[in-house]
Amino acid sequence: MNTRALPLYATIAIFLIAYLLCWLQFPNILSTRVIGNLLTDNAYLGIVAVGMTLVILSGGIDLSVGSVIAFSGVFIAVLLRDTGLHPMIVFVLLLLLTTAFGAAMGFLIHRLMMPAFIVTLAGMFLARGAAYMLTIDSVPINDPFYQTLQSAYWLMPGKGRLTLIGVLMLLTVMAGMVIAHRTRFGTSVYAMGGGEATARLMGVRQGRTIVLVYAFSGLMAGLSGIVFSLYTGSGYPLATVGTELTAIAAVVIGGTLLTGGAGYMFGTLIGVLTMGLLQTYIVFDGTLSSWWTKIVIGILLLAFILLQKGLLRLTRGRLQGAAS
Amino acid sequence: MLLTVRTLTKAFPGTLALDGVDFDLAAGEVHALLGENGAGKSTLIKCLTGAYLRDGGAMALDGQPIDPRSTVEAQDLGIGTVYQEVNLLPNLTVAQNLMFGREPRRWGLIHTAALRTEARALLTQYGLDIDVDRDLGSYSVAIQQIIAIARAAALSGKVLILDEPTASLDAREVEMVFDVVRGLRERGLGIAFVTHFLDQVYALSDRITVLRNGRKVVTERTADLGRMALIEHMLGRALESEVVGQSAEGAGATTQPMLHFSGTGRAGAIEPFDLDVGRGEVVGLAGLLGSGRTESAELMFGVRPAQTGAARDADGPLDLSSPRAAIAAGFGFAPEDRKTDGIVADLSIRENIILGLQARQGWAKPIPRSEQNRIADDYIRRLDIRTSGREKPIGDLSGGNQQKVVLARWLAMNPRFLILDEPTRGIDVGAHAEILRLIHDLTDAGLSVLIISSEIDELVAVADRVIVVRDRRHVAELSGERVTADQIMRAIAATDADGAAA
């Protein structure tokens with residue numbers, strides 16, 4: 001068995017065990033209603049985490065996504081309020097804008113050889129500031145087309161609602177899996193995360209790959225912004241503060257190595273669902289403070305970082321054992 | 001000829017790394033490229049693979065002039081390279097590594113099944129039957145190296161450059177890699193092979209080219225070039241010009257033993273060796289680059305801790321597990337690469353001299369400035385360091401004076417045993433003699449010195465006793481009248497069979 005896949009199995013095992021424990025206490029948690037809500041409530045996080053996974057796999061980081069989501073919401077709300085544009089056109093405009101924004105950050109990271117941390121930190125302030133420039137209030141969205149999208153769902157057996165945005169998240173994860181694991185671009189991303197100098201020697205087109213990675217992350221952040229505005233029915237410049245960090249946490253809990261080069265898209269979905277499950281449990285319990293979510297996520301993160309370090313040492317030890 | 005290089009020239013600020021070098025590579029031959037450090041081997045290779053742009057000369061592949069500007073471009077032309085450090089990605093699978101950049105696709109997506117089949121078929125040609133879906137990093141370095149060779153050969157297919165591919169392999173693994181290389185030779189590839197191991201050169205290569213100081217010395221068929229002649233070419237001196245050492249009067253017999261190393265060794269670095277060092281004695285370590293000279297010194301100073309063996313002096317066992325412990329035991333070590341390991345270029349001469357002393361005292365107890373000045377001035381005078389003042393940054397000094405400052409740093413700590421790794425490298429002739437004179441003065445005062453040098457004349461001139469290192473083993477010890485350039489060269493050149501007799 002590949003040791004690389006171990007964190008993924010650990011993630012899946014932890015999720016299943018956690019679900020089992022929740023189910024033992026609250027049997028209702030294993031209903032299509034809860035599962036449907038789990039997908040709907042975490043749709044925006046799941047989508048943005050797909051972009052973040054690719055960025056982290058390439059050995060980078062994207063701190064701008066939380067602000068971009070907020071900007072997207074405000075952009076949509078203000079455009080729908082002030083112009084007569086159809087929401088679909090607004091969506092296209094927005095996605096073009098956020099993708100270009102991500103590509104520009106990728107270009108700067110590559111050209112100036114700046115750490116992604118700094119460039120995307122600047123992007124984070126920029127996007128948040130742009131959102132404030134559009135409005136400082138929460139702007140409701142009252143477009144009829146929006147109401148159609150919001151109420152689109154498929155009633156699963158057991159009265160659970162599989163909403164449009166929940167489906168969209170699952171589709172995004174699948175698209176992410178194909179891109180990461182089945183394209184040359186995906187292999188290049190893994191190669192960059194494994195070692196930049198070596199990747200260059202093997203013929204990776206570094207600049208193109210970096211720009212595409214951050215453009216993809218920008219696209220996902222824009223899509224996540226659309227989903228978030230569908231979810232809340234409004235645009236608010238102060239929304240989703242710190243979501244980039246939640247997304248990073250989901251990616252790491254999903255078994256992706258924070259230094260890049262190893263991990264699976266599917267793990268990120270499980271990571272997002274694990275965090276959603278914690279929240280659901282607290283809602284079911286009713287007496288626990290919601291801060292417990294943060295504490296458990298902190299513990300999980302630490303556990304995964306330790307697990308990865310341990311695995312690394314294990315692999316190295318075995319190699320040395322084989323060599324001697 | 002498959003590949004021809006004519007009057008290749010490449011200059012770096014201050015040095016001419018390649019000076020009109022000619023090199024030919026025929027299809028179906030293994031051509032060994034040899035030379036000591038700074039001979040120009042790696043510069044030549046980097047010009048061939050497009051990592052460096054040449055300043056002058058011509059290169060042609062299959063009669064067509066070529067001018068690669070990047071490793072990828074060289075690869076497309078047909079020149080593939082395998083480096084000492086495996087340049088593949090340990091986090092990708094074997095199949096992904098082998099087929100990277102030319103994965104079979106179906107509907108725009110990577111066709112995983114075909115990828116696996118092609119990778120497996122490729123490896124079968126090299127007699128390797130492994131699970132191609134496992135991460136490359138989970139296989140041994142030898143297997144990784146073969147995979148790297150397979151990838152390079154499949155990508156380029158004309159010229160294969162092997163840059164010390166066997167440096168970290170054991171004998172059985174080396175044989176494995178060699179079988180693969182021989183197979184490629186039969187398929188008609190031209191293979192340039194760089195190594196420090198002479199046994200491997202004779203085992204594998206058809207022709208040998210020796211470089212020295214950026215010039216081609218000789219190209220000869222391996223069968224026609226004896227070991228002695230080869231080493232003479234590499235070290236650049238003929239046996240006839242005998243130089244009699246100043247200290248070969250048998251001083252070694254009169255010194256009283258001070259330090260004993262017994263069974264000191266480390267897997268992959270140097271086989272266990274015994275060594276006694278007398279008070280006031282100069283012990284030389286001779287051998288070719290990569291033979292285990294520096295490794296021996298590093299073990300003694302705890303840079304890399306020894307895995308086996310022990311060291312003791314008259315008072316009992318010594319702890320040499322780290323440089324700090326070795327310094328506490330009265331050891332000093334001036335490393336080979338002065339610029340990166342020896343000096344702090346931006347600090348002044350005074351600060352560089354005080355560094356070791358202050359580190360031993362602990363940072364909580366600073367040495368008073370007046371005391372620092374006194375020590376610095378004292379050593380500038382005693383070692384005759386040519387400088388306009390003690391506050392000059394050491395980086396501005398010449399190599400010889402830098403080396404004297406490094407010596408001053410250790411002498412200020414009053415050691416009893418000083419290890420000097422190539423103390424005269426990159427130093428002009430005048431300063432060279434001064435450093436050697438200084439070593440004599442120091443040993444007269446009772447200091448013991450271990451000196452490593454590629455220059456045999458230097459060892460003959462300064463050492464009471466010379467240990468010869470070959471293929472990571474201490475193979476011979478010469479003392480008294482036997483410390484001659486001729487004897488040392490013979491011991492370096494001897495094969496395993498007659499090594500014991502030397």
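Every chain is numbered from 1, with letters handed out A, B, ... down the list of sequences.
- B/E295 and B/R472 are joined by a salt bridge, as a carboxylate oxygen and a charged side-chain nitrogen come within less than 4.0 angstrom of each other.
- No side-chain heavy atom of B/L189 sits less than 4.5 Å from a side-chain heavy atom of B/K158.
- Contacts between B/T112 and chain A at a heavy-atom distance below 4.5 Å involve backbone atoms as well as side-chain atoms.
- Put simply, the residue from A/T268, A/T274, A/V272 that forms a side chain to side chain contact (heavy atoms under 4.5 Å, CB included) with A/I270 is A/T274.
- Side chains of A/T209 and A/S188: a donor-acceptor N/O pair is absent below 3.5 angstrom, by distance only.
- Within residues 170-186 of chain A, the residues approaching chain B closer than 4.5 Å by heavy atoms are, in numerical order, A/V178, A/R182, A/T183, A/R184.
- B/L123 has its side chain within reach of B/V94: a pair of non-hydrogen atoms, C-beta onward, lies under 4.5 Å apart.
- Using a 4.5 Å cut-off between heavy atoms, B/Q96 contacts chain A through its side chain alone, with no backbone atom that close.
- B/L88 touches chain A through backbone and side chain together, each having a heavy atom under 4.5 Å away.
- A cation-pi arrangement is not found for B/R473 relative to B/F273, the charged atom failing to lie both closer than 6.0 Å to the ring centre and inside a 45° cone about the ring normal.
- Chosen from B/L109, B/L115, B/T71, B/I110, the residue pairing most often with chain A at heavy-atom distances under 4.5 Å is B/I110.
- With no hydrogens or angles considered, no side-chain donor-acceptor pair links B/T93 and B/D135 at under 3.5 Å.
- Heavy atoms of B/D131 lying under 4.5 Å from chain A are absent altogether.
- Salt-bridge check for B/D163 with B/K41: failed, with every basic side-chain N at 4.0 Å or more from each acidic carboxylate O.
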